[in-house]
Each structure stands twice: as C-alpha cells, then as structure tokens.
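Have a look at the structure below before the remarks.
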Number of protein chains: 2
Amino acid sequence: MARAPRITVVEDEEALCLLLRYNLEAEGYLVETITRGDEAEIALRETVPDLLVLDWMLPGLSGIELCRRLRARRETGILPIIMLTARGEESERVRGLATGADDYMIKPFSTPELLARIRAMLRRVNPSLLLNVLSFSDLKLDREQHRVYRKERELKLGPMEFRLLEFLMQSPGRVFSRGQLLDNVWGPDIYVDDRTVDVHVGRLRKAINIGRSIDLIRTVRGAGYSFG
Amino acid sequence: MARAPRITVVEDEEALCLLLRYNLEAEGYLVETITRGDEAEIALRETVPDLLVLDWMLPGLSGIELCRRLRARRETGILPIIMLTARGEESERVRGLATGADDYMIKPFSTPELLARIRAMLRRVNPSLLLNVLSFSDLKLDREQHRVYRKERELKLGPMEFRLLEFLMQSPGRVFSRGQLLDNVWGPDIYVDDRTVDVHVGRLRKAINIGRSIDLIRTVRGAGYSFG
DNA sequence: TTTTTGCTGTCATGTAACTGTCATCCAGCT
DNA sequence: AGCTGGATGACAGTTACATGACAGCAAAAA
C-alpha cells in the first residue's frame with residue numbers, strides 16, 4: 001500500500017474503537033481514535049485527516065452536530081465523513097446524509113464493507129493518496145521504493161526532502177502555508193521554526209532542479225509553497 | 001445553486017426511468033435518461049453531467065463495466081456515481097463500491113432516500129468547486145492554487161492585490177467604502193491611510209485590465225469601490 | 001569505543017518584491 | 001470656472017524569501 005492516508009475515528013465504544021483501529025492499521029492507514037465529540041472538534045481544528053469515521057451518538061457533542069460544524073468550516077468543508085448510526089430507520093439515514101455526511105454505515109456493520117467504502121471514498125477525493133507512483137512532468141516519485149527520478153535520472157533526497165515532496169505532489173498546484181506543511185510533513189506535535197520550511201524547500205529545489213530544469217516548486221509570497 | 005445540476009440516469013426499466021425523471025425534475029434537476037449501457041458511454045463522451053445514476057444490469061454494456069471505463073477517463077474520473085443494484089448481497093455491494101461507484105441503492109429503494117443521497121452528493125461536489133474558485137466574466141480566481149486568470153492568461157498579483165480582489169469578488173456588485181475594505185482586507189487592527197486603498201485599487205486595476213479589457217472595478221464617487 | 005558521515009534546525013546576510021505615503025494631475029459635479 | 005474627490009507615478013522603508021554557514025545529533029563505520 002501507498003503512503004498511509006490518515007483516518008480519524010470518533011467513537012465512544014471502546015471495543016469498536018479498538019476493532020476499527022486494528023483493521024484500519026492492518027490496511028495501512030494512520031489511525032487516530034477519539035472518544036468524545038467535543039475533543040474531536042478541537043483535534044480537527046489542529047490537523048485535518050484524509051477521512052473521518054464518525055459515530056452518530058457521542059458524549060460531549062453529537063456526531064451530527066459535529067458534522068454540521070465541520071461542514072461550515074472551509075478546512076473541513078469537503079472532508080470525507082462516514083457516519084456510524086445505531087438504528088437503521090430511513091428517516092435517520094436521510095438526515096445523516098442531508099447533514100453533510102458522505103456515507104453512513106448501520107451498526108452492526110461488516111468491516112470489509114466499511115474498508116471498501118473508505119477506499120472508494122479516498123480514491124474519489126484524492127486519487128493520489130492511493131497511488132504508489134506520483135508523477136508530474138518529468139518528475140517521478142515512487143513511494144514504495146522511496147525513489148525519485150527526474151527524467152529517468154535518480155535523485156538523491158534526504159528523508160525530509162522526500163516527505164515534503166511527497167506531500168506537495170499529492171496536491172499539485174495547491175498552495176500550503178508553512179504551518180500546514182509543518183503539521184502535515186513534520187507532524188502535528190513538532191514545534192520548529194516556520195522558517196525551517198524555507199530551508200528545506202531550498203534544499204529540495206536544489207535536489208530536483210538539476211542542471212537547468214525549470215523550477216517545479218512555486219513560492220507564493222505571503223502564502224506558502226506549491227508544487228507545479 | 002446557480003444553474004440546475006445535470007443528472008443522467010442509465011436504467012433499462014421503462015417504468016423506473018419515468019419515475020426517476022419525474023421526481024428528479026420536480027427537484028429542479030436537468031435530467032437525461034438512457035436505457036442502454038453502450039449508448040450511455042457514447043453520450044457521456046459528449047457531455048459530462050454533475051451526477052450519474054447507474055443501473056447495475058444493463059443491455060449493451062453492464063453498469064459495472066461502464067463505471068470502470070468512466071473511472072479510467074479523466075473527464076469522468078471523479079464524476080459522482082450512484083449505482084442501483086438489484087440484489088443486496090454484500091459481496092456485490094463491495095464490488096460495486098470497489099469498481100468506483102460512490103454510493104449504491106438496493107432495489108426496490110425509497111425515492112426520498114435516493115433524492116437525499118443525490119442532494120448530499122451534489123452538495124459535496126459542487127460547493128467544493130464553488131468554494132475554491134471565484135469567477136466573473138472572463139476573470140477567474142482560484143483560492144486553493146492562489147492563481148488568477150483573465151481569459152486563460154495567468155496574472156501576476158501581489159499579496160495585497162490578491163486579497164483585495166478575493167474580497168471584492170465575494171460580493172460582486174456590492175460597493176465597499178475604503179474603511180470597510182481596510183477592515184476586511186488589511187485587518188481590523190491595522191491603521192493606514194484611507195487613500196492607500198486607492199493606490200492598491202489602481203495597482204489591481206493595472207494588473208487585471210491587461211490590454212484593452214474592460215475595467216472590472218467600478219469607482220463609486222463618494223462611496224467606495226465595487227467589483228463587476 | 002571513537003570516528004565519520006549525513007541530516008536537521010537555526011541563524012545571519014543579501015536581495016528582490018511589496019507597501020504606504022505623498023505630490024501632482026485629472027475627472028466629475030454644481 | 002471652481003471645487004472636490006479620485007487616479008497615478010515616484011520613492012523610500014519595510015517585509016519576506018533565498019541562501020550559505022554552522023552546530024547539534026544520530027546512525028553507520030572503523
């Protein structure tokens with residue numbers, strides 16, 4: 001499997017939490033589990049995962065309300081959400097979707113089906129997440145082999161440079177602020193200077209723009225960086 | 001929603017086709033119905049709707065195969081697809097999703113539920129476009145990519161010009177005083193001369209009115225500026 | 001163990017781009 | 001015309017980014 005997409009599970013039943021974590025990690029995802037709705041809202045303000053599995057009933061803040069609030073924010077407006085509902089009444093199903101969940105599962109549900117839905121949804125939102133080889137122009141990044149090529153010629157990247165490039169290549173053209181890059185590439189709990197990003201982008205540039213190649217990384221003054 | 005979303009229904013049962021067309025049109029969608037899989041493939045090469053309702057079993061070309069082919073093409077790679085399946089065996093469900101459908105309904109299904117799912121899915125697809133790209137006439141501003149185009153030609157804007165244009169484009173036609181612009185674009189705690197706005201509007205004008213294009217920014221004497 | 005090598009984060013410096021102000025010119029209104 | 005408010009070019013101060021240098025680590029090699 002490709003580089004792990006991040007999935008956050010918000011579910012108060014301890015047993016189900018463990019089951020989901022076990023299965024999702026077996027599929028190769030990076031999993032974060034949260035048991036309370038209000039805690040989830042705070043956590044999601046920090047970092048946005050690639051997909052959210054959300055229980056309908058939660059202590060602190062109900063799943064449906066959390067969903068509504070997430071949809072109202074730009075950062076999480078299109079975050080894929082799969083809702084877990086206890087009862088299968090149709091009125092509730094419809095309400096769940098109408099609130100902005102992208103899909104729902106009725107408990108008890110089959111784990112393989114949930115995994116299939118997650119895969120389908122991730123592919124729809126950002127196909128790059130599930131690809132093993134990202135390429136753009138004459139640059140190719142192989143996640144499995146941890147190798148990068150520019151025009152058939154292999155490049156030598158440090159670990160940080162590789163991860164930075166990988167992340168940027170997942171959303172070509174999109175501009176990320178230094179804060180976003182630190183969160184997503186360095187990790188949410190790492191506190192380093194914003195300007196460190198500049199240095200690494202510089203190193204990455206030097207590494208991938210061998211010879212006279214055009215610069216594949218764009219600096220957006222006052223905003224951040226983007227690939228392509 | 002600005003324009004009526006287009007929905008294509010591919011279904012061979014005449015009665016179901018009529019029922020769906022009737023209900024979807026009542027909701028305000030533009031509906032096209034096709035009864036054969038191979039015909040659908042040809043039609044979808046011409047125009048891509050906003051959403052596709054696709055029967056599992058079809059004459060000419062099966063729904064699952066059509067789905068697979070659509071996913072392979074760039075234009076229809078992320079076209080939202082709701083699959084209609086006759087039997088509800090889980091293996092088939094999973095197969096449907098794994099092929100790339102975004103959702104499915106098991107026949108016989110409840111019409112309100114289908115409508116709710118369509119609504120939810122369109123909201124997810126359309127706002128994502130609407131959220132990130134502002135456009136007016138031949139001017140296009142992409143927030144995510146931080147790029148601005150006039151007639152396919154990319155413009156070079158400074159950070160302030162970009163933010164100013166972004167703000168103005170959010171409410172086309174509305175007039176903002178210099179004070180309002182300072183508050184909203186510069187920030188509430190920034191104290192600069194009112195006349196600074198004039199200069200930036202001037203710079204923005206110069207940047208977006210390349211050549212002989214008509215001026216997209218309107219000066220309202222004694223009141224302020226507006227876009228469009 | 002010590003030595004070497006490679007990677008990372010911070011800092012200092014240089015530079016190019018951006019910003020705010022002002023003076024001057026111009027257009028619209030009475 | 002005369003007045004008022006807006007447009008514009010010039011300019012200096014400031015900001016944000018690029019880059020080279022370097023020390024602290026950690027892993028690999030000797």
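Chain identifiers are assigned alphabetically (A, B, ...) following the order of the sequence lines, protein sequences preceding nucleic acid strands; residue numbering begins at 1 within each chain.
Taking atom OH on B:Tyr225 and atom C1' on D:dG6, their separation rounds to 6 Å, with Å as the unit. B:Leu164 places its CG atom 14 Å from the C1' atom of C:dC18, with the value rounded to the nearest Å. Atom CG of A:Leu181 and atom P of C:dG9 are 13 Å apart (whole Å). Taking atom NE2 of residue A:His146 and atom P of nucleotide C:dC7, one finds them 13 Å apart after rounding to whole Å. The CG-C1' distance, from B:Asn209 to D:dA7, rounds to 14 Å in whole Å. As a whole-Å value, the separation of B:Asp215 CG from D:dG6 P is 15 Å.
Within the structure, salt bridge (Lys or Arg N to Asp or Glu O under 4.0 Å) pairs that include any residue of residues 174-183 of chain B comprise B:Arg178-B:Asp198 (at least two apart or interchain). The salt bridge (Lys or Arg N to Asp or Glu O under 4.0 Å) contacts involving residues 51-64 of chain A comprise A:Asp55-A:Lys107, where partners must be two or more places apart or lie in separate chains.
Remark: A:Arg195 does not engage A:Asp193 in a salt bridge, criterion side-chain N to carboxylate O under 4.0 Å.
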With B for base contact, S for sugar-phosphate-only contact and - for none (protein heavy atoms under 4.0 Å), nucleotides 19-29 of chain C reads BBBB----BB-
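Here the options are A:Val10, A:Ile34, A:Thr35, the test is side-chain contact (heavy atoms from CB on, under 4.5 Å), and the partner is A:Leu58; only A:Val10 passes. Partner B:Glu41 forms a salt bridge (Lys or Arg N to Asp or Glu O under 4.0 Å) with one of B:Arg68, B:Arg73, B:Arg69 and no other, that one being B:Arg69.
Here B:Phe162 lies out of heavy-atom contact (under 4.0 Å) with every strand.
Contact annotation: B:Lys206 does not reach the phosphate of D:dA7 (side-chain N/O to OP1 or OP2, under 4.0 Å).
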Stepwise salt bridge (charged side-chain N to carboxylate O under 4.0 Å, His left out) test for B:Glu166 and B:Arg143: CA-CA 8 Å; B:Glu166 183 186 11; B:Arg143 298 173 133 135; 2.9 Å; yes
